[in-house]
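Counting starts at 1 for both ligands and their atoms, following the listed order.
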Amino acid sequence: MRVLLHYDMDHAEPGLDISGCSEQDDARFHALLPDTEVIWHVLRPLTGDDMDRAPKLKLIQKLGTGVNTIDLDAAAERGIAVANMPGRNAQAVAETSLLLMLAALRKLVAFDARTRRGEGWPAGRSLVGGELRGRTVGLLGGGEIAGLLRGMLEAIGARVLYTSRRPRPDDPAWRELDDLLRASDVLSVHIPLTGETHHLLNAERLALLPPGAVVVNTARGAVIDESALVAALAAGHLGGAGLDVFEREPVDPANPLLALENVVVMPHVAWLTGETWDRYFEVAAENCRRLASGRDLLHRVV
Ligand SMILES: O=C(O)C(=O)CO
């Protein structure tokens, strides 16, 4: 079975003929498509035009959870199956969310820069960090990543509240979105990007956060209106942000968020651990075996 691993990486699995292809190398991608039966997809948008170049394509396997970068209607129209693998990167993403919270609260970017400039301790209270213990952390989302993160945060001594699409009035930690925002010293985003969640955190909602609040996003950039986020950070209403995702990726070096010292950034790699790759390949290879033998796919979405 001919598999195109759409990532700059070599990988071998018994019975599979796997070609790695950088997401930046469209010429190689297009040259490989005519013989490709399965695409192992990471994040570069996959369009109906790409699918038309791949007449043998039977399965688009997302390595990860979010399928917003795949044209699902185009796949359905062409009879191409799409599957994802929810939860396989949840531990890595939850740990990265904690990392970004701590990095923003402890002003890591500013201290890193000071250290490299050979500067000593900052004067007075000009640059003072905050602790997670005792702070209220609001989780936007009630799925597996939010659940893992909640355990980590409670172990540190933070108070954790969350909101989810389905109300859970029996859970004392559950809040309506606006109430969650009003209570959150730190807000962390863990929901998919859909028509409903696009710019869910707009200027009005960001204004509900308490002054000095920190916003963390390891989900999808466009859940937050990025210009409203820049304005809230620049105006000093927000104390900082930790961002692994952006409205446009790869992030534009001119993006104003990158110029702010109270913002810590990563290039959509919250998922990127060796353990995650092992779990990804396990599911992806299993789905190829299922496809070959005509069995039901794991986590089929189309
Ligand atoms: O799981 C996801 O959706 C990711 O963003 C990482 O691939």
Participant: Run through the side-chain heavy atoms of Ile, Leu, Val, Met, Phe, Trp and Tyr, join any pair under 4.5 Å, and report what else lands in F111's cluster.
Facilitator: L127
Participant: As a test of reading the model: which residues have a non-hydrogen atom less than 4.0 Å away from ligand 1?
Facilitator: K62, L63, G64, T65, G66, N89, R220, H268, W271, Y280
Participant: Under 4.0 Å between a Lys/Arg side-chain N and an Asp/Glu carboxylate O for R78 and D52?
Facilitator: yes
Participant: Check step by step if side-chain contact (heavy atoms from CB on, under 4.5 Å) holds for H190 and S188.
Facilitator: CA-CA 7 Å; H190 304 287; S188 195; 2.7 Å; yes
Participant: With sequence neighbours excluded, tell me which residues meet salt bridge (Lys or Arg N to Asp or Glu O under 4.0 Å) with D35.
Facilitator: K56
Participant: Find out if a path of hydrophobic residues (ILVMFWY) with successive side-chain heavy-atom gaps under 4.5 Å connects L140 to V137.
Facilitator: no
Participant: Which residues end up grouped with I70 if you chain together Ile, Leu, Val, Met, Phe, Trp and Tyr wherever their side-chain heavy atoms are less than 4.5 Å apart?
Facilitator: L4, F29, L32, L33, I39, L46, M51, L57, I60, V67, L72, I80, V82, V301, V302
